[in-house]
Amino acid sequence: MKMTVEETEQMYEEPEASVAPKQLDGADVLIETLKKHQVEVVFGYPGGAVLPIYDALHKNPIRHILARHEQGAIHAAEGYARVSGKVGVVIATSGPGATNVVTGIADAMMDSIPLVVFTGQVATTVIGTDAFQEADIISITQPITKHNYQVKDVADLPRIVNEAFHIASTGRPGPVVVDIPKNMATGIFSPTDETTGEVNLPGYQPTTTPNFLQIQKAANAISTAKQPLILAGAGVLFAKASDQLVKLAEKYQIPVTNTLLGLGTIEGNHPLFIGMAGMHGTYTANMAIQTCDLLINVGARFDDRLTGNLAHFAPNAKVIHVDIDPAEIGKNVPTEIPIVADAKEALLALLEQNAPNGNTAAWLESLQINQEEYPLFYEASEEKGLLPQQVVELIHEYTNGDAVVTTDVGQHQMWAAQYYKFNHPHNWVTSGGLGTMGFGFPAAIGAQLAKPEAKVVSIVGDAGFQMTLQELSLLQEMRIPVKIVILNNQALGMVRQWQETFHGERYSHSLIPVQPDFVKLAAAYDIKGYKIETYEDAKAQLKEALASDEPVLIDCRVVQKEKVYPMVVPGTALHEMIGVKPE
Amino acid sequence: MKRIITVTVINQSGVLNRVTGLLMKRQFNIESITVGHTEQPQISKMTFVVNVEDEQKLEQLLKQLQKQVDVLKVNDITEKSIVVRELALVKVVAPPTVRAEINSIVEPFRAATIDTGKNVVTYQVTGNPEKIDAFIDLLKPYGIKDLTRTGVTAFVRETQKVHTPQLSIL
Ligand SMILES: Cc1ncc(C[n+]2csc(CCOP(=O)(O)OP(=O)(O)O)c2C)c(N)n1
Ligand SMILES: [Mg+2]
């Protein structure tokens, strides 16, 4: 190659050229943008398509947690998001990496968990050619994301990432996927006036401020109701509005029930709390729904596991529904007073109305009678063996109700929900809408990273734990002090219960007598294990195990035949629930 | 009930997929769909004809559409004073012996002959879907060889007869 003298001179006379800042590529811009969003930790797994991103992550202050399976990474991010209130960030490679996070994305969508999931993609030049590790993750995740993007120009990257964080964390939170073709990560980013990353979303303007007229109507209804009831869901937690909720309940002396995901919005031992509602809710809570004259739903979506048979749901109630997502209002239950708003803003506005108090004394008394007559119950005896409910009660006792509790899906999940009484909000992490087995243990890892000081207990079933137990490696590697409590009934307990009740005790593929030795398994990961078989053992060893500063695994051998009660049988109404009293 | 719904969207790749995917996910039946740019190239308008069970389902549909990040505006224009148009191309068996007869049938529809062969003629007809249905019905006895319809596109008229209260999109 020939150069003119002028050109050669220029080359040598401009030393700045050699010390000029390195040109940023897409991956650098991505990491810089994550820093701007104060991302402290990302959960991920590398692979070909995300190598440039991992290169940019190398020796970067952002902490990367290398899960042992992408599903573990995304559930950990969900646990982190749930407990911290921040956006959970995930990175997975193209193809199989991306498809491995699909379950977690669907889970986050159902439970409105803010996530930003970065997936690698093959280069734009080969998209559509069935290139190595190509999967059309945009189409795959379209129905299970709040929104998704594929980056087609490096210049768009800052804007897309900013928009992804904005969409994930505002309005009704949810997962956003950003698919990054490899040549976008390696592409040189040339900053211009157009690439400042400014969010431009004319079609996305969530309503957060309540309509004043509706607030007035609601305040008036609360004031005049004789039998009002508050149903508080996870929307209260997202809005960080527990204090306002409790204040409203106390001011007007309104009893409170929770959805499964709403647990923790009010103290478990609060005199106005009547327990969880729904399929395995308390008799008192479900009867309260059926007999109340005003149902104040704050941040819950009237899910079918909550409502039972819709045709007979809350037959006497006028319904107030506060939800930030207008599409949830009137979706399942006709609503007289719709309030589209952030739960905190709505509750503050309601409190501000300062409407006169009604008299709910007789109502509260009738609920009190129900609570005494129909408490949650189990029948323990020494011959029977250790009961799962006893284990949960002991965990509650030894952690003073202050632990962060995560669960998997099944019977143990319901017992945890029924018997662990939370003192504080944001300490309850469970998979509600999707009911994802394999969620509980990795979610605990994320929760512990979000709250390093907290006692994090992961109550899991023997089967669900085996779906994501590879993440024991993370406890081993980082000494993350999660306490794994397996309520081991050697069965797909919830399936077994349904087969017993609805399928003539034909236990088709639900009993698993052959299991790994969980204590040895823990030892293989350098984690201390306990095996507990009696209530006496449980008392001593659980206490010790939970007090440890180290990760521990506790294999609790519980009675296989125990059933979760009371129960609203699918298709029936809430007041028809069975198993409300000992036989 | 049959509804005509217009959806104004940001003309992003994948947006059509999103909107039709949403309808599928929520079990709505699309009868027809047309899409095209508006006067602003970055904005497109979709016109759907959908069958919905009842008012509550309709409200769900409108709200779910509105919720999409790329959707700017959703309108149920069924009850408004509107102009509805569809275009159809119909290829009919028309040997010379009956051609004149067919032409006389076609005439009141102001259909245009856009292609002729030895034994077939292709007509183009525009109008509201009922008019097109009628046109097709009349030609059927002669033998239709090929038929394609664009689906409905629609416009709200400048002057509205009466104010029809729209469903509250909260
Ligand atoms: C991924 C997945 N597969 C299947 C199910 C269906 N399912 C719900 S509960 C359950 C049994 C869970 O067994 P285990 O983890 O031991 O918990 P247990 O009910 O015994 O407490 C099954 C199979 C599910 N929820 N998720
Ligand atoms: Mg089990």
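Because only heavy atoms are used, hydrogens play no part in the values below, and waters and symmetry mates are left out as well, while side chains stay in. On a predicted model such as this, the values are computed, not experimentally measured, just so you know. Chain naming here is simple, since letters A, B, ... match the order of the sequence lines and numbering starts at 1 in each.
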What residues, two or more places apart in sequence or in another chain, satisfy ring-ring contact (aromatic ring centres under 6.0 Å, His included) together with A:F238?
-> none

Report the residues that fulfil ring-ring contact (aromatic ring centres under 6.0 Å, His included) with A:F313, sequence neighbours left out, ordered by chain and then residue number.
-> A:F302

If you count every heavy atom of other residues, nucleotides or ligands that lies below 6.0 Å from [X] atom [atom1], does the total exceed 12?
X      : atom1 : answer
B:K91  : NZ    : no
B:K145 : NZ    : no
B:M1   : CE    : yes
B:Q42  : CD    : yes
B:E130 : CD    : yes
A:K331 : NZ    : yes

Contacts of residues 152-165 of chain A with chain B (heavy atom under 4.5 Å) = A:K152

Contacts of residues 114-128 of chain A with chain B (heavy atom under 4.5 Å) | none

Of the listed residues (A:Q142, A:E328, A:Q205), which shares the most heavy-atom pairs with chain B below a 4.5 Å separation?
-> A:Q142

Intermediate values then yes/no, side-chain contact (heavy atoms from CB on, under 4.5 Å), B:R18 and A:T145 = CA-CA 11 Å; B:R18 259 179 187 282; A:T145 47; 3.8 Å; yes

Taking every non-hydrogen atom, the tightest pair across A:P202 and B:I10 = CG-CD1, 3.6 Å

Over all heavy atoms of both residues, which pair between A:K146 and B:V69 is shortest? Give the atoms and the distance, please.
-> O-CG2, 4.2 Å

Can you check whether A:I329's main-chain N or O pairs, donor with acceptor, with B:K63's side chain at less than 3.5 Å?
-> yes

Relative to chain A, which segment of [X] carries a heavy atom at a distance below 4.5 Å: side chain, backbone, both, or neither?
X     : result
B:Q12 : neither
B:L22 : backbone
B:T8  : neither

Side chain, backbone, both or neither: which part of A:D323 has an atom under 4.5 Å from a heavy atom of chain B?
-> neither

Under 4.5 Å to a heavy atom of chain B? For A:N211 that would be neither

Best-contacting candidate, B:K25, B:K67, B:K57, against chain A by heavy atom pairs under 4.5 angstrom = B:K67

Looking at B:Q64, B:Q68, B:Q56, B:K73, which makes the most heavy-atom pairs under 4.5 Å with chain A?
-> B:Q56

